[in-house]
Amino acid sequence: MHFSIPDTQEQYADGSGGSPTYTVYNIYINGNYHCCLRYKQLHALHEQLRRRCADAALPPFPPKRLLPLSNSQLETRRAALEHYLQIIGQDAGIARLPYLQQFLQRAQLDTALAECSVGREDEQQQLQVEVYSGWAPGPGGGSGVQLLVNCHVQQNASALLQSVCRMLQLPDELMQFFCLYLMRHVEAPEERASSCSSTPDDPSAVLLLRRLMDFESPYISRMHAQPCQLLLRTCYWNSRWDAKLLGNSVALNLLYNQTLADVAREWIICTPEMRRELCSLQLQSRPLQYLELVRQLPSYGCLQFGAAQVDYPELDTTALVTIGNRELSLRTARGAKIYETKFRVTRMRCWRVSAMHNTYESRDQPTQLQLSFEYLMSKQTLRWITITSQQAMLMSVSLQAMVDELLHSDSNGSNGGGGGSDDEQEASTSRGASESTTSTPSSVSSSCTTTSGTSTTMTPPVKFLAQRSKQQHKLTTARTFAAVFFRNDDTAASVRNEAFEGIGDDDL
């Protein structure tokens with residue numbers, strides 16, 4: 001989990017706006033506002049973790065003070081609390097503790113009640129969940145069906161996912177291969193290749209906002225990201241796990257229709273000849289043969305992000321970013337040609353995410369996010385590459401999940417594992433990576449045009465920077481502060497990637 005505390009609020013017990021009575025800290029997780037907590041609540045959390053994690057080396061907790069804090073002391077405490085949360089968020093054992101996840105879930109609800117975002121604890125409504133299914137109940141049928149699911153304000157994402165899967169009659173043991181995203185429909189590009197008649201007439205483009213953490217409330221999180229909808233999608237990065245879904249008709253149908261939508265939206269790139277062959281298989285209703293063919297394509301199993309500004313190969317370049325298959329790729333247009341540059345995850349020495357917080361309103365709409373990674377371009381040559389995108393945090397979480405999955409796979413391989421139980425554990429690791437594993441950078445190698453790379457990876461730490469914008473608005477109930485780091489080291493300039501692979505003579 002990526003924790004940050006970019007600002008604080010002064011709260012008034014009587015609501016009169018007189019002298020503030022206490023300070024609360026605005027907690028962001030994975031770049032999104034989650035809750036606000038008092039010092040004593042965080043201290044109580046620390047005490048509970050100390051009892052439950054006797055064997056874990058918890059970081060020191062900022063000490064109590066008897067007298068009111070000055071502004072400089074308040075800033076020191078804010079930075080110390082942030083550092084504390086970042087360390088426990090990077091410890092997989094602590095981050096997965098049920099107590100911590102229940103604490104964060106309750107804190108989100110209490111904050112929403114205090115801010116009047118929700119009226120009462122028993123509030124509920126029907127939420128729309130978009131499902132890639134040709135038979136699921138809903139208006140119009142076809143892929144991209146809208147399921148209406150009753151969602152309680154206290155229901156977390158894991159419970160809502162279970163409700164959706166049971167509505168679809170998906171076996172419980174296959175639920176671990178799926179997750180829920182917050183997404184937004186955007187206008188589809190005008191020059192979209194025509195699709196088969198049985199595909200949705202005009203599949204709208206989908207902008208993925210973020211992947212829901214197991215413990216958070218979709219009811220509340222969705223309110224901070226409006227307009228948006230929920231999307232059910234597979235959660236793993238290794239396509240060999242498809243085999244676990246192909247033996248069940250419901251899971252096969254979900255995977256098949258998800259793939260149809262990805263092809264129609266051009267998330268999966270294929271030649272005109274391949275597209276015609278896929279259309280023929282689709283018209284013949286041969287999903288297994290369709291999936292067998294499409295899995296041969298390099299972009300199968302990847303997530304595509306919206307247009308972003310990158311500084312490679314030159315400054316202010318517009319590129320489409322894709323993550324998957326152990327790579328991050330950039331597609332850029334130069335004249336009439338489209339070029340694709342691929343960066344292997346195993347050649348990224350480290351990465352970091354920076355967020356610009358300039359106002360109290362930034363909790364809902366952060367002004368700017370950047371993903372930067374240090375890449376081994378050639379032997380002895382490292383270069384920082386920066387991607388500016390509102391999806392930068394999702395890119396970081398996706399890289400982290402992919403690296404964690406690769407690490408777990410490598411660990412099983414080195415131990416002679418590889419049975420079904422290992423696969424299921426890997427899938428569980430992938431599904432929980434975005435909310436409960438350590439912040440990690442990973443490694444990559446660059447190859448221009450259409451080169452793809454395969455390489456093993458390990459999980460590195462991720463640095464998260466929260467910076468103030470130079471243009472600051474006056475704040476009455478909140479203050480913003482400067483730089484925040486994930487896993488600071490002595491240099492404070494980069495974070496070592498334990499999975500980093502150097503380039504040997506044979507690679508040059």
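All residue numbers in this chain count up from 1 along the given sequence. As a basis for the values below, the full set of heavy atoms in this structure was taken, side chains included, without hydrogen atoms, waters or symmetry mates.
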Pairwise distance CG(Leu147) to CG(Leu127) - rounded to 0.5 angstrom: 11.5 Å
Exercise: do Trp351 and Ser396 side chains pair donor with acceptor under 3.5 Å: yes
Candidate pair Leu37 and Tyr25, rule side chain to side chain contact (heavy atoms under 4.5 Å, CB included), full reasoning: CA-CA 5 Å; Leu37 293 169; Tyr25 299 86; 5.6 Å; no
Side chain to side chain, Phe103 and Cys35, heavy atoms closer than 4.5 Å: no
Spacing of Leu180 atom CG and Leu231 atom CG [to the nearest 0.5 Å]: 8.0 Å
From Thr259, Leu303, Thr322, Leu320, residue fulfilling side-chain contact (heavy atoms from CB on, under 4.5 Å) relative to Trp267: Leu303
Donor-acceptor contact present, side-chain Asp311 to main-chain Glu314, <3.5 Å: no
Chi angles and distances behind the side chain to side chain contact (heavy atoms under 4.5 Å, CB included) call for Leu382, Arg349: CA-CA 8 Å; Leu382 288 163; Arg349 194 175 75 90; 3.8 Å; yes
Geometric cation-pi criterion, Arg233 with Tyr181: 6.0 Å, 45°: no
Val186 vs Val206 side-chain heavy atoms within contact, under 4.5 Å: no
Side-chain ion pair, Asp172 and Arg166, N-O less than 4.0 Å: yes
Leu255 vs Phe178 side-chain heavy atoms within contact, under 4.5 Å: no
Over all atoms of both residues, closest heavy-atom pair of Cys179 and Cys235: SG-CB, 3.5 Å
Rounded distance [0.5 Å steps], CD1 in Ile269 versus CZ in Arg331: 4.0 Å
Distance-only donor-acceptor check, side chains Gln146 and Gln229, under 3.5 Å: yes
Test of ring centre spacing under 6.0 Å for Tyr256 and Tyr290: yes
N/O donor-acceptor pair under 3.5 Å between Glu374 side chain and Cys350 backbone: no
Close side-chain approach of Ser299 and Gln304, heavy atoms under 4.5 Å: no
Side chain Arg184, main chain Leu208, donor-acceptor under 3.5 Å: no
Check: Phe215 ring centre within less than 6.0 Å of His34 ring centre: yes
Exam field: side chain Ser217 to backbone Val153, donor-acceptor pair closer than 3.5 Å: yes
Whether Glu115 side chain and Ser117 backbone form a donor-acceptor pair below 3.5 Å: no
Trace of the side chain to side chain contact (heavy atoms under 4.5 Å, CB included) decision for Leu160 with Leu230: CA-CA 11 Å; Leu160 183 63; Leu230 294 167; 3.7 Å; yes
Close side-chain approach of Leu394 to Asn30, heavy-atom, < 4.5 Å: no
Separation of Ile88 CD1 from Met1 CE (nearest 0.5 Å): 7.0 Å
Positive for side chain to side chain donor-acceptor pair (under 3.5 Å) with Gln309, one of Asp316, Thr388, Thr318: Thr318
Min side-chain heavy-atom separation Leu291-Asp242 under 4.5 Å: no
Minimal non-hydrogen separation, Gln155 against Ala159, with atom names: CG-CB, 3.6 Å
Centroid-centroid under 6.0 Å between Tyr33 and His224 rings: yes
Distance-minimising heavy-atom pair for Tyr84 and Leu49: OH-CD1, 3.9 Å
Check: Tyr300/Asp262 side-chain N/O donor and acceptor closer than 3.5 Å: no
Worked verdict on Leu104 versus Glu216 for side chain to side chain contact (heavy atoms under 4.5 Å, CB included): CA-CA 8 Å; Leu104 293 172; Glu216 69 180 305; over 6 Å; no
Trp237 six-ring face occupied by Arg326 cation (under 6.0 Å, within 45°): no
Shortest non-hydrogen separation from Pro6 to Asn26 and the atoms involved: CD-O, 3.8 Å
Leu212 side chain near Asn156 side chain, heavy-atom distance below 4.5 Å: no
Closest contact, heavy atoms only, Gln391 versus Gly306: OE1-N, 2.6 Å
Check: Gln370/Thr386 side-chain N/O donor and acceptor closer than 3.5 Å: no
Cys165 SG to Met175 CE distance, which is reported to the nearest 0.5 Å: 6.0 Å
Shortest non-hydrogen contact between Ser329 and Lys342, atoms and distance: CB-CG, 3.8 Å
Straight-line distance of Met393 CE to Arg211 CZ, nearest 0.5 Å: 15.0 Å
Worked verdict on Gln258 versus Thr234 for side chain to side chain donor-acceptor pair (under 3.5 Å): CA-CA 9 Å; Gln258 173 181 297; Thr234 53; 2.9 Å; yes
Residues Gln86 and His2: side-chain donor-acceptor under 3.5 angstrom: no
Side chain proximity check, Asn257 to Leu260, heavy atoms < 4.5 angstrom: yes
